[in-house]
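Indexing begins at 1, ligand by ligand and atom by atom, following the structure's order.
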Amino acid sequence: MHLYSLKLRCAQQDDGNEQHVAGAERLTSTENVLPSAQSLLRRALLRNDEPPDLVSLKIEKINRNDVIFLEALPVRTIDVPNANAGINELQKILETMSPTNVSGILELLQSEQNMRGAVLLHADTLERLEPNQKRGIRVTYMDANSVDTHTAVKNHFREALVLATKTASAPNIIGEICISDDPDYVTGYVASKHIGYVRITHLKKFGTPYGKRIFLYRGDKSDVAECIAYLENQKVLVRNVPHSPDDARRGPCKRNAAIAEQLETIVAEQLYRECKTVPADNVLILASNNYLGLANDPEVKAFAAEQLEKYGIGSGGSRLTTGTTGLHTLLEARLAEFKQTEAALVFNSGFAANIGIIPAICKAGDVIFSDELNHASLIDGCRLSKAETVIYRHNDMDDLEAKIRSRPGVKGMIVSDAVFSMDGDILHYPRFLEIAERYDLFSMVDEAHSTGVLGQRGTGIAEHFGTTRQADILMGSLSKALGSEGGFVCGSELLISFLRNRSRSFIFSTSLSPVIIAAAVKSLEILTRHPERVQRLRENVQYFCRCLRERGIDARTESAIIPIIVGGEEMAVRLAERLLDEGIFATAIRYPTVKRGAARLRLTVMATHSQADLHWAAERIGAMEPPPMLPTKCGRIPSCQDA
Ligand code: WAQ
Ligand code: MG
């Protein structure tokens with residue numbers, strides 16, 4: 001296993017001379033290299049003062065075995081009213097370290113000159129020991145041993161504590177003094193193994209652009225080289241670095257330690273997640289749920305912009321107060337028409353819909369029968385309801401019926417995704433409805449990934465099976481094929497009136513922005529007018545699957561979701577990373593979204609993809625070494641046929 005060292009440097013060009021402005025560094029795991037690099041670069045480029053003329057970022061592979069771990073120095077703060085008082089405090093502390101030469105040290109500390117590195121000073125003779133006095137000694141290869149929080153702003157305290165902890169353990173270093181060169185940062189510190197990290201709130205006057213680091217050395221001059229080598233090359237990770245001096249004062253807090261430990265386990269199990277920024281261009285997105293490309297449709301954008309002018313941004317209240325515009329009611333009417341139900345209700349997200357609908361309908365004493373691969377929002381809806389949840393085998397209608405029969409006379413609901421979000425397969429809808437009817441249970445179907453995808457006109461799962469019968473509760477999403485945001489539910493007048501009065505996530509949320517609703521109205525209109533978009537999506541999906549199969553990858557689906565089961569969590573992440581290098585954005589899906597050991601690439605196709613792009617992507621995916629696409633055991637799709 002290895003780590004990466006990231007070193008960033010900013011400089012100004014001054015008459016052909018490079019003037020060092022700032023530096024920063026990280027030691028980070030492979031999967032955090034990109035986000036770390038991004039946060040360092042952001043910091044460099046978005047500096048408050050003049051943007052730097054030169055930014056360099058060095059990324060270097062490090063062997064994990066070369067890293068030593070140190071415990072952060074204990075922290076204490078001395079509060080002083082001004083710089084004079086601060087220097088007095090510092091003087092007292094220095095007298096315990098180097099009684100003979102305190103005034104000389106203080107003079108050097110306050111001298112009006114900046115260096116890139118630190119002064120290495122003999123504590124007794126005040127001899128300068130750094131080989132290059134202009135540059136000084138640069139302490140590098142160190143970081144806090146915790147998951148990087150990627151702050152764009154420098155945390156002076158944390159970075160200084162890491163450096164001071166490393167320096168304090170260097171051979172023959174008996175102390176360190178530091179003042180920042182940031183004119184506004186007047187807190188400095190003095191540190192050593194014995195006294196710990198002692199902050200002094202004023203060590204210079206506000207506005208002073210000079211800073212300094214002085215390392216006090218006591219020992220044989222022949223050992224200086226060893227000391228410098230340690231400071232400049234030893235890889236160090238510092239444990240338990242507090243985030244702020246306040247955190248340090250409170251001491252190790254158990255509540256943070258508990259979550260930090262869990263987070264470290266997540267990292268160790270290759271399950272750590274980052275919000276990856278989607279590259280703006282030059283990348284083929286094979287991961288979006290924007291199946292029909294409506295999120296970027298010019299007509300949709302124009303209409304939303306027009307309504308933005310009319311209504312503004314926020315709706316200013318919940319649906320039951322000021323949050324219902326004519327657009328909201330129009331959208332609900334159109335959704336009901338589209339799904340051929342009596343009425344519809346819009347929620348702020350699909351997740352909000354599911355956790356709002358299920359607990360409104362089911363209570364303690366009821367039973368909910370739920371597919372084992374249902375989406376997390378359905379699972380959480382079941383939990384919130386306090387009903388008993390019975391999990392049946394994935395899309396196994398015999399198992400479902402057997403489980404219902406074993407509880408004669410139950411009240412409750414059967415709930416399933418229409419298209420399963422991580423496998424792309426389709427619910428056996430007709431049997432599902434039949435069973436619900438037979439046992440007088442509510443039927444609820446989540447059409448998040450079937451709306452705009454299934455059926456000739458994209459109306460969803462009923463159309464796919466050629467039936468006009470609908471589930472009692474037909475839930476769906478505006479944020480996928482419809483390219484906007486929000487969730488909805490279609491059903492009888494009775495159901496919708498009931499939910500309007502009883503669904504907590506509906507009642508207690510500020511309603512969606514009129515802009516978002518306008519976009520959904522227009523998208524739905526376009527979908528209705530242009531069913532050929534759905535046709536195009538279907539052709540693209542089947543074309544892409546064919547291309548993948550020609551390259552030995554077992555790809556099949558009837559929806560727009562193609563799971564490529566990889567197995568190992570790390571493998572899935574690596575494949576996604578490598579595809580990104582090739583210009584393909586695909587998502588690695590891991591536990592807990594899918595079972596452990598069933599990690600996968602989840603590829604999705606869009607109506608707006610060109611076949612040339614899909615062909616190229618299949619070629620790249622097929623050429624990946626080692627062959628990732630082992631014949632899949634799990635996640636095979638029972639209901640699909642070859643194209
Ligand atoms: N190695 C050696 N010297 C360095 C390094 C380094 N990696 N980085 C900076 N220096 C020297 C250089 O001469 C700078 O001018 C000087 O240190 C100050 O650097 O607990 O921000 O990065 O709140 O400006 C103290 C935090 C903050 C006190 C110190 O230093 C607290 C700070 P800066
Ligand atoms: Mg600075």
inquiry  = Here's a test for you: under side chain to side chain contact (heavy atoms under 4.5 Å, CB included), which of I105, N101, L109, I177 qualifies with L121?
reply    = I105
key: Side-chain ion pair, R590 and E569, N-O less than 4.0 Å   = no
message = I'd like the atom name of the N/O/S atom in D181 lying closest to the Mg ion (ligand 2).
response = OD1
inquiry  = Looking at E60, I want to see if its CD is surrounded by more than 12 non-hydrogen atoms of other residues, nucleotides or ligands under 6.0 Å.
reply    = yes
request  = Return the name of the atom in D182, of element N, O or S, nearest to the Mg ion (ligand 2).
outcome  = OD1
ask   = Got a second to check how far L3's CG is from L27's CG, nearest 0.5 Å?
value = 6.5 Å
remark   = Residues pairing under ring pair (Phe, Tyr, Trp, His ring centres under 6.0 Å) where one sits in residues 167-186, two or more places apart or in two chains, turn out to be H156-Y185
ask   = With a 4.0 Å cut-off, would you call E176 and R213 a salt bridge?
value = yes
query = Going by heavy atoms in the side chains, are R602 and T604 under 4.5 Å from each other?
reply = yes
Measure and list all N/O to N/O distances between ligand 1 and the protein that fall under 3.5 angstrom.
unit_1	atom_1	unit_2	atom_2	d
ligand 1	1 (N)	V139	N	2.8
ligand 1	3 (N)	A118	N	3.3
ligand 1	7 (N)	V139	O	3.0
ligand 1	8 (N)	R138	NH1	3.3
ligand 1	10 (N)	R213	NH1	3.4
ligand 1	13 (O)	M115	O	2.8
ligand 1	13 (O)	G117	O	2.7
ligand 1	15 (O)	D181	OD2	3.3
ligand 1	17 (O)	R213	NH1	3.1
ligand 1	19 (O)	R213	NH1	3.4
ligand 1	20 (O)	Y197	OH	2.7
ligand 1	20 (O)	R199	NE	2.7
ligand 1	21 (O)	K154	NZ	3.4
ligand 1	21 (O)	S180	OG	3.4
ligand 1	22 (O)	K154	NZ	2.9
ligand 1	23 (O)	Y185	OH	2.6
ligand 1	23 (O)	R199	NE	3.3
ligand 1	23 (O)	R199	NH2	2.9
ligand 1	24 (O)	S180	OG	3.0
ligand 1	24 (O)	D181	N	3.1
ligand 1	24 (O)	D181	OD1	2.8

